[in-house]
There are 2 protein chains.
Amino acid sequence: MTLKPHPNYTRGELVEVLRNHGINPTHQRIEIAYVLFSRCEHLSADQLLALVNDRNSETSKATVYNTLNLFLEKKLIREVIVDPSKVFYDPNTDVHHHFYDIDTGELTDIDAADIEVSGLPQLPEGVVTEGVDIIVRIRSEQAV
Amino acid sequence: MTLKPHPNYTRGELVEVLRNHGINPTHQRIEIAYVLFSRCEHLSADQLLALVNDRNSETSKATVYNTLNLFLEKKLIREVIVDPSKVFYDPNTDVHHHFYDIDTGELTDIDAADIEVSGLPQLPEGVVTEGVDIIVRIRSEQAV
DNA sequence: TAGCCGAATTAGACACAGTCCAAGTCTTGC
DNA sequence: GCAAGACTTGGACTGTGTCTAATTCGGCTA
Ligand SMILES: [Mn+2]
Ligand SMILES: [Mn+2]
Ligand SMILES: [Zn+2]
Ligand SMILES: [Zn+2]
C-alpha cells in the first residue's frame, strides 16, 4: 500500500501508513508525515523543520533528520539530489523525474509514464540498475 | 576550441586553452587545469586540492574553490551533482550522462550520442532548457 | 494506578563542504 | 623600477547534516 501526496490526511490515515511501512508512529513522526504529505512539494530538511514547528509544538532538528532518514530507509519518501547545498525530500515515491529551475530552485515533477530512454549502454556483469534519474535544468528565457 | 581530457598536456597547451576561454593563466590555475585534464576522472574539490599540492607547491583551499568556480563560469569544466555531501567536477564538457555506483561512489561517463529521450512534456511559455542530466544509479548485485 | 524498560527525543557539540574577508603578493603596463 | 589592478592566502565564518549522552515518553505488566 502506497501513500500519495494529498491534502488533508487524517491522523488515523497517517498512522496506518506509517505502521504499514514498519514505522512506529510517534507524535513527531506523524507531524512530519503530515507536513510532507499534505503539501505536495519537495521540501528541504530545514523547510520541514520550520513548517513542523510552525503548526505545532517543538520538534528538534535531530528528530527531523532522524525521521527523514527513517522514512527514506522504509521507502516512504525519496530524496532528490539536485542542489549542491541541500537535499530535497519527495513524498512521491512513484518513478518520476524532475524539472529543476536553476534560478528559483523550484522542483517540478515529470510523470515517467510517457518517458522513454533508449540507447543506454549494457551494464557490466554483476551490476544492477537501482534507478534512473532524469533532471531537466530549466530557466526563464529573459534571464540570459 | 574545446579541451578534451587527455594525459600529458604541455604547459603551453594548457595556457592556450585557458586564454581561449578568457581565463588569465596563473600558476595555480595552470596546475589545477593540469590535474583536472590529465586525469580523465570526476574529482571533488578536496581530492583536487590534495592532488595539486601533491605534485607541487602550496595552493590554498580558497584558490581551488575560486578556480573551480571560474572554470565552471567560463565553461571549461562542468559539475556533477549526485552525492549529497560534495560536488564532482568533470573535465568533459561534451553533452554526456553518468553511471553512479551508490556503493563505491564511482562516476562513469555515458556517451550521449546513442541516447534518445522521448516523451518529455512541453515547457511552459518563456522557459528554456539549460540541459538534461541522466543519472543511472547502479550497484553490485550481491550487495542486496 | 504505579513502576518498569526499551524506544524515541533532545540540546548541543561536532564534522566538513564551501564562502568570505582583509591583508599580502604577484603581474603587467608604463 | 613603480603604481595599479589582479590574484592568492589563512583563517574566520556559514550552513547542512551527524553524533552523543542525558532525558522523556509510552506501552506493558502487576
Ligand atoms: Mn559550488
Ligand atoms: Mn543525508
Ligand atoms: Zn518529485
Ligand atoms: Zn562525466
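Any value given below was found using the heavy atoms of this structure, including those in side chains, with hydrogens, waters and symmetry copies removed. Proteins get letters first, then strands, A, B, ... in listed order; numbering begins at 1 in each.
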TODO: State plainly whether one hydrophobic cluster holds both A/Val132 and A/Ile81, where clusters connect Ile, Leu, Val, Met, Phe, Trp and Tyr through side-chain heavy atoms under 4.5 angstrom apart.
DONE: no

Could you tell me how far apart [X] ([atom1]) and [N] ([atom2]) are, to the nearest whole angstrom?
X       : N      : atom1 : atom2 : value
B/Arg29 : D/dT9  : CZ    : P     : 11 Å
B/Glu58 : D/dT9  : CD    : C1'   : 11 Å
B/Leu43 : C/dG18 : CG    : P     : 13 Å
A/Leu72 : D/dT18 : CG    : C1'   : 15 Å
A/Asn66 : C/dT10 : CG    : C1'   : 10 Å
B/His27 : D/dA6  : NE2   : C1'   : 14 Å
A/Lys61 : C/dT10 : NZ    : P     : 13 Å
B/Leu49 : C/dC16 : CG    : P     : 15 Å

If you compare every side-chain N and O of [X] against the phosphate oxygens of [N] (OP1, OP2), does one of them come in below 4.0 Å?
X       : N      : value
A/Thr63 : C/dA8  : no
A/Tyr65 : D/dT18 : no
A/Asn69 : D/dG17 : no
A/Asn24 : C/dA8  : yes
A/Thr26 : D/dC25 : no
B/Gln28 : C/dC26 : no

TODO: Check whether the side chain of A/Lys86 and the base of D/dG17 form a donor-acceptor pair under 3.5 Å.
DONE: no

TODO: Check the angle between the aromatic planes of A/His96 and A/His42 and answer parallel, tilted or perpendicular using the 30° and 60° thresholds.
DONE: tilted

TODO: Tell me what B/Ser85 touches on the nucleic acid: a base, only sugar-phosphate, or nothing, going by heavy atoms under 4.0 Å.
DONE: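 Sugar-phosphate, backbone atoms only, no base.
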
Open item on the list: Students often get this wrong, so: under 4.0 angstrom with heavy atoms, is A/Thr59 touching a base, only sugar-phosphate, or nothing?
Closed with: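 Counting heavy atoms under 4.0 Å across all strands, the contact made by A/Thr59 is with sugar-phosphate only.
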
Checking contacts here: which listed nucleotide ([options]) is nearest the side-chain heavy atoms of [X]?
X       : options                : value
A/Ala45 : C/dT19, C/dG12, D/dG17 : D/dG17
A/Ala62 : C/dG12, C/dA17, D/dT9  : C/dG12
B/Asp46 : D/dG26, C/dA17, C/dT19 : C/dA17
A/Ser60 : C/dT10, D/dA12, D/dG17 : C/dT10

Is the shortest side-chain heavy-atom distance between [X] and [Y] below 4.5 Å?
X       : Y       : value
A/Ile23 : A/Thr67 : no
B/Ile30 : B/Arg11 : yes
B/Leu14 : B/Pro25 : no

- [ ] Say whether B/Asp109 and B/His98, considering side chains only, have a donor N or O and an acceptor N or O under 3.5 Å apart.
- [x]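 Yes, because at least one side-chain N or O of B/Asp109 sits under 3.5 Å from a partner of the opposite role on B/His98.
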
